[in-house]
Amino acid sequence: MYGHSEPKLAFTDNVASDKAFLEDAWPSLRESVVPVEKYPDLEPLAVPTPPIAIFVKSTASAIDAAMASILDDLDPSHPDKKIVIGFDSEWNVEVSSNGHILHRGQTAIIQIAYKSSIYILQIGDMLAGGTLPSQLRILLENPNIVKAGRLVEADLKHLQTASQSPKPFVGALDLAKYAKDKMVISSARCSLADLCALVLGKRLNKNVPERISSAWENEILTRDQLAYAACDAYACICIYNKLSTLETPQVLPSQFNAGIPVLLFNTDKASVIARGKISSHKDDRQLDGINITTTRTAVDIEEVFVPGALISSHRNCSLASFGTPPFTLVCLRSHLKTFSPTFWTHHSSQSDSSSRAQTSPMSLDQSSNQDLLTASLAELDDNDLSLDATFDDDSIPSIGNLVVENHRPTSAPPITTDHPRNIDPESASLGQQVLDQYPNTWDSTIRSRVLKDVFHVFNMFHISSTHGLRAEFARQLRDAIFIPDGEDRAKISAWGAMQTPPLTFEQIQKLRPRWLWKRCKRIIPPADILHGLLKKVFETFGPLKDATTGAPLFNFNDWKTSGHILDLTRRGFISDPPGIPLYAAIGIDSAAPSLTIYRCFRGTNMTEGGVHTHLRSHLPSSGASVQHVYSCLADFTLHHNLVVGTFNSTGQKYRSHFSIWLTNSIQERLSFLHDVLINPVEITGWVNGNLYIPTTETLGILPIPTSIRIATGMSEFIPSIDKKQRHAFLAQMQHTRKPILPIHNDIEKQLFRDLMQANPDYNSLTSGPIWKKAVKVWNHYADINSEISYKLIEQLKSYYAHWKTNLNVKESLFTTYDIRKPLAAILSNPSRSVTAPRVPEKTLKPLSVDDGLLPTSVSVGTFNTNRSEVHGNNKDTPVHDDQQTPLQSANSDLLLPHSTTRKTFTTATNLAVHNRVNREALSEKRIRENGLVPVQNAAPHNVRVANGSSIATTVVVIVEMSNAKVGTPSDLTSLVMWDG
């Protein structure tokens, strides 16, 4: 950490993919963290070691030996005998910041649980070569070895395809289907974690970084990875063993006695709607005025799973109409099945009311019906992957930039609307199904120190820019997430009341949001508060129709995104952790002295926006070469890191030179001469990069991977042929025959129009442009036309997006005014600030590095960057190797070396000279007391290097010394300036 303390928080735009990396890099991010897990009231499932042993196999021979030990238990004399193993697999997953899976990698490991052993087989490299160890292949092909797990059939299909096996991999047993057959659940869309909670009464932890990871193909797996992988396979075999003890429900026999446990099915005979027993009134002629015939019987209902289910044989009444169980009804015999109550009784007795709501069969089934919307990312099949992969389209804009835009409301009167006409019922129903899955009560425990950058939450929504409610939704979402600090709000309201004309807090928020949020701290409330507000915003805006197109604001993917956001909220990835200050006061508003200006540390926007926003102004103007820009980029990086790093650490501006190499060298020599100097200067707040292992990061133009270059039809750069073309430097850096540039000139724009009109790969009637083919067509034209550059698919998509826009915001806002008004009143209520906790602050101070430095050995030598002779206006003064340059530091005194009686200090700067010499401040008396003589010839000189090369304006300072003792007068601190 280069002397810094480890961080308390980390913000990222992609928690799923970055959390594990960040927590491994900084263990402090795991301190006092209690992750949110489903079924928190249950004990976690763990592999008991011993007696269970975990074996990691990474070579073909080791895998074959392990699989042979399982195959050896097959009995040839009993060909029908089956062996059951717990089976699971893991693969690398790439997840977008929206929470959508972009890519599923090849299977990296297989987990097999059998008897007292769990085998973790690392097969990634083998599958990359299209093969698998022979004994493993035999095991996967053998139908007598039952592979029990969740979505095992899809796993086996992936393995068969990747290994190019001519024989199918068989023997899959899906535990969800097995549980449904046992009538434990009524739907097979149940996750492994749900089955573990229901069947075993244990919690299978899934809120861990390993669940969605890109590290499964690593040669060495971490302890956490091994534990996660082993636990999944162990859960599979345990669930199978428990389910196997249950009897499969049977059709009600023709002769039966009262008291027999039964399950009541719906008319489709596939869904269990209630549980009970045969009533003692089964032999009565009537019940509740309904005849009991040979096809009917009386049942005492003890538990209802589907209250809305209709009982056709009992006057078509719903189960809810009978009241609270137990109650008796008349049903068809064909709708009943007998079952063993062992599991049900055990479950009912082991759960209290709160946990049962989570783990009862029907509550589990009801949530499982929405698996397509909230499917476990570790268990998605091909259809789910393709659905997510096609969503992230740059042509659909996000709403992130709308939350800080000035909003000038229309002065037109609101239009009274008929609500049903402006709400899409299908979208509203879909949204209700998604949002109802998420609970809304949690405690305030720190759930994670790796947080979702809240500003990227807005960018998770990709809503058509043509929808009239897009901007208003973004603002309402902003107001739901952020609660203004009560004290700051009161000060701003008082200031606004004194303006001409007077302004309310809400008016300032709409007209000058950027100004406002620099003067008002905000807090993101805990999940139990935030969840309800977010859900209300989604339910209100999601189904609202656009006034022109009639399309709802949310489509399927937007509802799915809203579900991801609620899940992030539930797991504590959005709320401000308690006790960690995210604001610091950096000044007072000169135009409004009662208002404090704050610096906010929340999110990644300062890191990203601080570069992205200001980079263009520091680069050359139009007409500069790419090589020139490339060099300026490196210079900007150094400048930005010093300026922003100082401001982040101290809250003050950086006021020194930009030659870090000079400061590093001076610091090292000061350390070396520490025992020689009298009262040596101390350089505080400076991190010397020479004392640490250098970074391997690079900055600049990235080369195009070979696979992408070939897939898009680009040729490779050949220096002997392609070096004389325009932008050859860029092409050489990209490793392509021609440079890759966006569509930028008239010839390219005309080509795009021609292709859209005539080329079938650009104007497909069914799917629009076929980008993989379209980019090859374009690059073919680039090869034969010198005015056309290569393109990537992303560049063609970006230009294609310009063909689609037609906003109608005003009309859409009018037609939905009445619907939005109640929510706006809630979110703008000042009482929210009164009930919110005070937003904490922190005091900024310079970094003090007391330990952690690497040992170093420094030799005293020259500071000169040029041994050439330097010429002044009056006389030439040689620069010798033994001459030293004093340090200019804003917080330290000047060190003058004890050496010869005359020294020449030469510094060059290509920027403005900082801290010019203040001759009046140099008291002659103080100089004499320190054994120094006054400064002479301190005026700037124009100099040149003797070899003829040009340098920037140089300040030459001549100091006369007559047997002076070494001292550190603060008056001479800023005599010498330097810029590399």
Side-chain angles (χ1 to χ4, degrees), residues 179-190 198 248-341 343-345 347-348 351 353-354 356-370 420 425-426 428-430 432-433 436-437:
K180 180 183 177 183
D181 293 339
K182 295 288 186 177
M183 294 302 163
V184 174
I185 56 176
S186 60
S187 171
R189 302 186 67 100
C190 179
L198 179 60
T248 302
Q250 303 294 325
V251 176
L252 189 69
S254 58
Q255 300 295 326
F256 53 86
N257 299 320
I260 295 177
V262 291
L263 296 175
L264 176 59
F265 285 75
N266 209 338
T267 305
D268 58 8
K269 298 182 182 180
S271 302
V272 179
I273 59 176
R275 174 181 66 87
K277 61 183 179 181
I278 299 297
S279 174
S280 58
H281 298 286
K282 72 179 186 69
D283 296 325
D284 295 350
R285 298 187 61 181
Q286 282 189 341
L287 176 68
D288 194 19
I290 299 175
N291 294 331
I292 298 178
T293 65
T294 56
T295 60
R296 299 175 180 175
T297 190
V299 177
D300 295 332
I301 300 298
E302 298 176 340
E303 187 174 5
V304 173
F305 302 137
V306 186
L310 301 178
I311 307 301
S312 59
S313 56
H314 201 118
R315 300 191 187 94
N316 214 31
C317 296
S318 68
L319 288 174
S321 66
F322 289 92
T324 304
F327 54 81
T328 305
L329 55 76
V330 177
C331 67
L332 295 175
R333 293 187 181 189
S334 59
H335 289 183
L336 297 175
K337 285 188 178 182
T338 62
F339 75 103
S340 172
F343 171 79
W344 301 80
T345 304
H347 170 75
S348 299
S351 303
S353 59
S354 62
R356 185 169 181 174
Q358 289 184 321
T359 59
S360 66
M362 286 317 303
S363 64
L364 177 64
D365 175 54
Q366 288 164 357
S367 66
S368 299
N369 285 337
Q370 304 305 324
E426 183 178 353
S429 174
L430 179 61
Q432 193 66 39
Q433 293 171 359
D436 278 349
Q437 298 176 78

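Bear in mind that the values here come from a model prediction, so they are computed numbers and not experimental data.
With sequence neighbours excluded, no residue satisfies side chain to side chain donor-acceptor pair (under 3.5 Å) with Asp181. Judged as a side chain to side chain donor-acceptor pair (under 3.5 Å), and not counting sequence neighbours, the contacts of Ser279 are Asp300.
Residues Asn266 and Val306 form no side-chain contact, since every pair of their non-hydrogen atoms from C-beta on lies 4.5 Å or further apart. Contact of the Ile278 side chain with the Asn257 side chain is not registered, since no non-hydrogen atoms from C-beta on lie closer than 4.5 Å.
Atom CG of Leu264 sits about 8.0 Å away from atom NE2 of His335, to the nearest 0.5 Å. Atoms CD1 and CD1, from Ile273 and Ile311 in turn, are 4.0 Å apart once rounded to the nearest 0.5 Å. In this structure, the separation between NE2 on His314 and CZ on Arg296 is 10.0 Å, given to the nearest 0.5 Å. Distance CG/Leu263 to CD/Glu303: 10.5 Å, rounded to 0.5 Å. Atom NZ of residue Lys282 and atom CD1 of residue Ile260 lie 8.0 Å apart, to the nearest 0.5 angstrom. Put simply, CD1 on Ile290 and CG on Asp284 are 13.0 Å apart, with the number rounded to the nearest 0.5 Å.
Between Phe339 and Pro249, the shortest heavy-atom contact is CB-CG, 4.0 Å. Summarising the geometry of Cys331 relative to Leu329, their closest heavy-atom pair is CB-CD1, 3.8 Å, with the distance given to 0.1 Å. Residues Val184 and Leu198 come closest through the heavy atom pair CG1-CD2, 3.4 Å. Annotation for Asn291 and Gln286: closest pair OD1-NE2, 2.8 Å, computed over non-hydrogen atoms.
Applying the salt bridge (charged side-chain N to carboxylate O under 4.0 Å, His left out) test to pairs two or more places apart or on separate chains, none has a residue in residues 328-337. Residue pairs meeting the ring-ring contact (aromatic ring centres under 6.0 Å, His included) criterion with at least one partner in residues 251-293, sequence neighbours excluded, are absent. Sorted by first and then second residue, the salt bridge (charged side-chain N to carboxylate O under 4.0 Å, His left out) pairs involving residues 314-328 (not counting sequence neighbours) are Asp288-Arg315.
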Can you give each donor-acceptor pair under 3.5 Å made by side-chain atoms of residues 316-327, sequence neighbours left out, with the distance rounded to 0.1 Å?
| unit_1 | atom_1 | unit_2 | atom_2 | d |
| --- | --- | --- | --- | --- |
| Ser318 | OG | Ser321 | N | 3.3 |
| Ser321 | OG | Ser318 | O | 2.5 |

